[in-house]
Amino acid sequence: DARLIEEVPLAVVKAAMASGVATRPIEDLEAYRTKLHSYISGSRLFIQSTIELARKNPARIAYAEGENDDVLLAMQAVVDEKVARPILVGRPSVIQAKIEKMGLRIKVGQDVDIFNVEEGDLDEKYWRRYHSRVGRAGVSVEAAKTAVHTSSTVLAALLVDLGEADGMICGKVGRFDEHLKHLTDIFNPQRDSGLLSSVCALLLEDGPLVLADPFVNVNPTAEEIVGIAKDAIEFARGFNIEPKVALLSHSNFGTYEDSSALKMKKAAAILRAEFPDLQIDGEMHSLSALNPKLRATICEDNGIEGRANI
């Protein structure tokens, strides 16, 4: 079990220090544990600063699928890492029974809280809040009550909207687009245009790769691509990643001149003008973005050094 590299050396160090055998005691055992963990977890390297920040300020996170087995398994790690105060949306009796059956060490009320979906049905403030958001979009009072009763994603979002949770996680069960629709009914997009985008971070051996936008927009305009790229740049910087942006296309530095290729080229030009200090180029193939030697054989004076990370 590779995880033992984190536990066994730490136990040996503690024993050596306690017995007086250690000639150079380690003052910060937590930092030593983090260093050991970094040897086996690429994700830890990627999000270490965020984990440390979360530990200092544990947020109240509502988990929409609080009765799901995988979610409950994840809760044990969340509790052990002390990165959040989970709020499980579901039926207390079902959640407690599963915790016991799965042998988890989670203590309800101490480690996690439960938002009882049945009480959510009874408290009219939730459906009233939801109806205030969607009442002018063709959703009747009865339909609002039904949505709150049947959708844990709606309930979790309402907890955030009402300030009873700081954030939420949903989507373990069901279709992405349906969850997104519920969320956009309750939360207003930051942009006046209503543009939303998504990011997906791949943890590769040579560092993280951020994909934008893999889930939301089907055929964005050049201006929307610029907005999507800005979201990805902001996301990467949040993890202390220096952005290297490649705009992908079936065209590879001008091999096609159709509208799809031209809009990527236009978006790249807009981004370079707006972010002159960043490495941004396109349009190009994905292989060109990931292989600097190959990219140099196609366009030697391209604007990216090494592998693109967005």
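As the structure is a prediction and not an experimental result, all values here were calculated from the model.
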(Q) When you compare the side chain of Asn252 with that of Arg295, does any pair of heavy atoms fall below 4.5 Å? (A) no

Q: Please name all residues satisfying side chain to side chain donor-acceptor pair (under 3.5 Å) with Lys265, sequence neighbours left out, ordered by chain then number.
A: none

Q) So which of Asn188, Asp161, Asp185 actually passes side chain to side chain donor-acceptor pair (under 3.5 Å) with Arg133? A) Asp161

Q: Measure the CE-CG distance between Met75 and Asp80 for me, rounded to the nearest 0.5 Å.
A: 11.5 Å

Q) Side-chain donor-acceptor pair under 3.5 Å between His182 and Thr153, yes or no? A) no

Q | Interatomic spacing from CG in Asn291 to CZ in Arg307 - rounded to 0.5 Å | A | 11.0 Å

**Q.** ILVMFWY network linking Leu88 to Val83, side-chain heavy atoms under 4.5 angstrom
**A.** yes

Q) Side chains of Phe215 and Ser197: does their closest heavy-atom pair fall under 4.5 Å? A) no

**Q.** Partners meeting ring-ring contact (aromatic ring centres under 6.0 Å, His included) with Tyr256 (sequence neighbours left out)
**A.** His250

Q: Inspect the contact between Asp113 and Arg60 and indicate whether a charged nitrogen and a carboxylate oxygen are less than 4.0 angstrom apart.
A: no

Q. Under a 4.0 Å N-O cut-off, is there an ion pair linking Lys266 with Glu223?
A. yes

Q) So Phe115 and Tyr63, ring pair (Phe, Tyr, Trp, His ring centres under 6.0 Å) or not? Walk me through it. A) CA-CA 10 Å; Phe115 180 82; Tyr63 291 81; over 10 Å; no

Using residues 23-30 as the side-chain source, report each donor-acceptor pair under 3.5 Å to any protein atom, sequence neighbours left out, with the distance given to one decimal.
residue : atom : partner : partner atom : Å
Asp28   : OD1  : Glu30   : N            : 3.3
Asp28   : OD1  : Ala31   : N            : 3.1

Q.
Could you measure the distance from the CE atom of Met284 to the CG atom of Leu247? Nearest 0.5 Å is fine.
A. 7.5 Å

Q | The single option from Asn68, Val112, Ile114 passing side chain to side chain contact (heavy atoms under 4.5 Å, CB included) against Ile95 | A | Ile114

Q. Can Arg55 and Glu52 be counted as an ion pair, charged N to O under 4.0 angstrom?
A. yes

